Amino acid sequence: LSGSYALVSCSLSGCSVPSSGSSCSVTTTVGSSTTVAILTCNVGQLVSISKLKGEVLMVNIPVLSTAAVNTKFSSVTTVTSDNDPKPANNSVSESYTVTK
């Protein structure tokens, strides 16, 4: 697992996504039946969306070539902020299935 982040500029037709950025840190805990990896990206204070700028996170989740088709795994993305008035709405779950 690896990741990076970068500031992006946007217009009404979309955003420019860079091919690289600042590195994020990874911590991994291997259990008997699961592996938990935490990717931490300290992006600093976010710019107001009214300025048409934001942060993009680029995440690489490697999968072994020997992984069986239909193998499933999942992730949870969470954003935190010291002054967030609604921290309960800051996570989203994703599910993945190996297809080839």
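Model, not experiment: these values are computed from the prediction. Note: hydrogens, waters and symmetry copies are ignored here, and every other heavy atom, side chains too, is used.
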List, by chain and then residue number, the residues other than Leu64 in its hydrophobic cluster (Ile/Leu/Val/Met/Phe/Trp/Tyr, side-chain heavy atoms under 4.5 Å); write none if there are no others. none
Could you list the donor-acceptor pairs under 3.5 angstrom formed between side-chain atoms of residues 20-30 and any protein atom two or more places apart in sequence or on another chain?
none

By side-chain contact (heavy atoms from CB on, under 4.5 Å) - contacts of Cys10 (at least two apart): Val8, Cys15, Leu52
Can you give the donor-acceptor pairs under 3.5 Å from side chains of residues 93-100 to other protein atoms, not counting sequence neighbours?
from: Glu94; atom 1: OE1; to: Ser75; atom 2: OG; distance (Å): 2.8
from: Glu94; atom 1: OE1; to: Thr77; atom 2: OG1; distance (Å): 3.4
from: Glu94; atom 1: OE2; to: Thr77; atom 2: OG1; distance (Å): 3.3
from: Tyr96; atom 1: OH; to: Ser75; atom 2: OG; distance (Å): 3.1

Quick check against the 3.5 Å criterion: does Thr71 have a side-chain atom that pairs as donor or acceptor with the backbone of Ala68? yes
Going by the side-chain hydrogen bond (donor to acceptor under 3.5 Å, both in side chains) test, which pairs reach into residues 52-66, not counting sequence neighbours? Ser9-Lys53
Just grab all the ring pair (Phe, Tyr, Trp, His ring centres under 6.0 Å) pairs involving residues 31-55, residues at least two apart or on different chains. none
Going by chain and number, the hydrophobic cluster around Leu7 (ILVMFWY, side chain to side chain under 4.5 Å) further includes Val47
Scan residues 16-69 for pairs that pass ring pair (Phe, Tyr, Trp, His ring centres under 6.0 Å), counting only residues two or more places apart or in two chains. none
Ring pair (Phe, Tyr, Trp, His ring centres under 6.0 Å) partners of residues 24-65, not counting sequence neighbours, each pair once: none
Give every residue pair that meets the side-chain hydrogen bond (donor to acceptor under 3.5 Å, both in side chains) criterion with at least one member in residues 79-90, sequence neighbours excluded. Ser81-Asn83, Asp84-Asn90
Nearest-0.5 Å distance, CD1 of residue Ile61 to CG of residue Leu39: 9.0 Å
With ILVMFWY side chains joined below 4.5 Å, transitively, what does Val69's cluster contain besides itself? none
Quick test of your reading: applying ring pair (Phe, Tyr, Trp, His ring centres under 6.0 Å), list the pairs with at least one residue in residues 6-57, sequence neighbours left out, ordered by first then second residue. none
Group every Ile, Leu, Val, Met, Phe, Trp and Tyr by side-chain heavy-atom contacts under 4.5 Å, then state whether Val63 and Leu1 land in the same group. yes
